[in-house]
Structures are given as C-alpha cells and as structure tokens.
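Read the structure below first, then the notes.
Chain A is the first sequence line, chain B the second, and so forth, proteins listed ahead of strands; every chain is numbered from 1. Side chains included, hydrogens not; waters and symmetry mates left out as well; all remaining heavy atoms used.
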Amino acid sequence: KAGVTQTPRYLIKTRGQQVTLSCSPISGHRSVSWYQQTPGQGLQFLFEYFSETQRNKGNFPGRFSGRQFSNSRSEMNVSTLELGDSALYLCASSLDGQGWTSSYNEQFFGPGTRLTVL
Amino acid sequence: GDSVTQMEGPVTLSEEAFLTINCTYTATGYPSLFWYVQYPGEGLQLLLKATKADDKGSNKGFEATYRKETTSFHLEKGSVQVSDSAVYFCALSEPSGGSNYKLTFGKGTLLTVNP
C-alpha cells in the first residue's frame, strides 16, 4: 500500500505570493491533518479534515486555509506569504474512529513539502 | 492548554550506550502518548505509543511507560546503534471537540550515535 504522498517536495516563493500544497492520503484513510515544522516553533498543528469538512483547527492566521476533496485528497493554501512561513509542511492521514471511545487511529506522515519564502 | 516538554539535547552517545530521553506532559484529561522519530530528510514515523496509565509502549528495542502520577513518558533503549541517529519527538493526543486527531508535540531531541 502506498504511503502518504505530498507534492511538491520543495518550493521557493517570494513574499506576498500565495502557495498551494497537496497531500494524497493512504488509500482508505479519511482523515487528513496538516502540521508546520520550524526550527523555532517545532511542530505545530494547522488543521484536520474529515469528509471534506474542517474538524479541528490550530492557532494560525486566516492566511492559512485548506480543503479536502471527496477522494480524501487535501490541499492547503497560504496566501500573502511572509518570511516566517518558511517551514516544512507535513501532512498526516489516518483511518477514522467515531468519537473518543474508538481506539486511536495512528497518523501516518508524508515526507513533507519544504517551503522557502524569499 | 496541552503541552509537552522534552529534553532538547542534542544528545551524543557511543554505540551500545544506554539512552534516556525525558518527556513530561500537561493535559486536562486522559491523553494518549506517543514517540515519533524523524530521520534526515524524511517525515515522522510512529515509534511507539501508550493509550492509558501504566501502559508500556515498545518497538525496535525502545520502550516508554505512561506514568500518570508523574505525567511522564520517558523514552529508553538499552543499547543504541548508529542507525538510531535521528530526531525524536514526544507527543500527546487528547479529545478536542469530539476529535482526537490533534497531536501536540515536544520540541524534539536530536540523537547522534557515534561508532
């Protein structure tokens, strides 16, 4: 079974531009989460999608948005890029349990997209 | 809110040495606890997990025990190898609005094992 794939792997943009990153989850996985990894802040949760709906959101400005398609593929968009948005953006997918009483579903991470903002 | 504190390192060991990476957490409820590993240029891989107090997670010679009384989940390995060189992240997941898929991570600990 193929793992989580993210495209592109590397991206260079300039301040003020916008960028779209793509994530294809493992086949059959319905939940997709996004994380930002930087040397200063570490790994921070951006948002999580399930059945094309944002189910959970971290503390990021509205410039960061995402969506999920009917095939569970997800994209995240960052508008009006700032230098501080330079980071490794990680996507993770999981099967989905219904509510807290279900057993935990392991999150499988992709290799990430390295975004550099100049 | 939830938080995870782990020793930031870097940690440098010789092959076959004993490894401990400390991790403590703050959570309002009953979180699940995890250790993830990140090899250079790669994403995160789940190393081990524990979902309730006193559970012991283990994998590839690594172990960690969920200690509710000390809110800790320290990672240990009896004999490290050069191939264990990586960044290790402690993390927790707690119910949030009915969804338990938000992981809160520690800052990560860089481990370098020399031959």
I'd like to know if the side chain of K107(B) reaches the main chain of L43(A), judged simply by a donor and an acceptor atom lying under 3.5 Å from each other, with no hydrogens or angles considered. no
Per-residue contact mode, Q37(A) against chain B (heavy atom under 4.5 angstrom): side chain
Mind checking whether F105(B) and F45(A) have side chains closer than 4.5 Å, heavy atoms only? no
R114(A), part contacting chain B, at a heavy-atom distance under 4.5 Å: neither
Is there side-chain contact between L103(B) and Q44(A), with heavy atoms separated by less than 4.5 Å? no
What part of Q45(B) is in contact with chain A, defined as an atom under 4.5 angstrom from a non-hydrogen atom: side chain, backbone, both or neither? neither
Would a 4.5 Å heavy-atom cut-off, applied to side chains only, mark L46(B) and F108(A) as touching? no
Rounded distance [0.5 Å steps], CD in Q38(B) versus CG in L88(A): 6.5 Å
Is there a path of hydrophobic side-chain contacts, each under 4.5 Å between heavy atoms of I/L/V/M/F/W/Y residues, joining I12(A) to Y89(A)? no
Within a reach of under 6.0 Å around CD of Q17(A), are more than 12 heavy atoms found that belong to other residues, nucleotides or ligands? yes
Is the CZ atom of R9(A) crowded by more than 12 outside heavy atoms at less than 6.0 Å? yes
Answer yes if F73(B) and V4(B) sit in the same cluster of Ile, Leu, Val, Met, Phe, Trp and Tyr residues linked by side chain heavy atoms under 4.5 Å apart, and no otherwise. yes
Quick check: are there more than 12 heavy atoms from other residues, nucleotides or ligands sitting under 6.0 Å from CG of N59(A)? no
Hydrophobic clustering (ILVMFWY, side-chain heavy atoms < 4.5 Å, transitive) - are F47(A) and F50(A) grouped together? no
